[in-house]
Amino acid sequence: MQAFAIAAAGIADASARFDASARRTAGDPLGNLAGEIVERVTAEVAFKANVAVLKTADEMSGSLLDILT
């Protein structure tokens with residue numbers, strides 16, 4: 001199912017964005033803190049949304065299998 005691949009890619013992207021933001025903050029602690037916090041919160045929301053997509057796709061696949069069997 002394509003939803004699994006899309007959600008997995010979204011999770012990987014959100015994780016990479018969060019990591020990059022944390023690295024930028026560690027490299028320059030007095031830099032753009034507000035922007036980095038916004039980036040991390042946005043990455044966290046994207047991560048959670050993609051996890052929800054995975055759960056929903058899994059439930060839908062299970063329901064479809066129940067109907068077909």
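Counting from 1, the numbers follow the sequence of the chain as shown.
The side chain to side chain donor-acceptor pair (under 3.5 Å) search around Asn32 returns none, not counting sequence neighbours. Looking at residues two or more places apart in sequence or on another chain, you find a side chain to side chain donor-acceptor pair (under 3.5 Å) between Ser21 and Glu36, Arg40.
The pair Arg23-Asp19 counts as a salt bridge, with a side-chain nitrogen and a carboxylate oxygen less than 4.0 angstrom apart.
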Review item, side-chain donor-acceptor pairs of residues 9-17, under 3.5 Å, at least two apart:
from	atom 1	to	atom 2	distance (Å)
Arg17	NE	Glu39	OE2	3.0

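Interatomic distance, CG of Leu54 versus OG1 of Thr56, reported as 9.0 Å (0.5 Å rounding).
Linking Ile, Leu, Val, Met, Phe, Trp and Tyr residues whenever their side-chain heavy atoms come within less than 4.5 Å leaves Phe47 and Val53 in two separate clusters.
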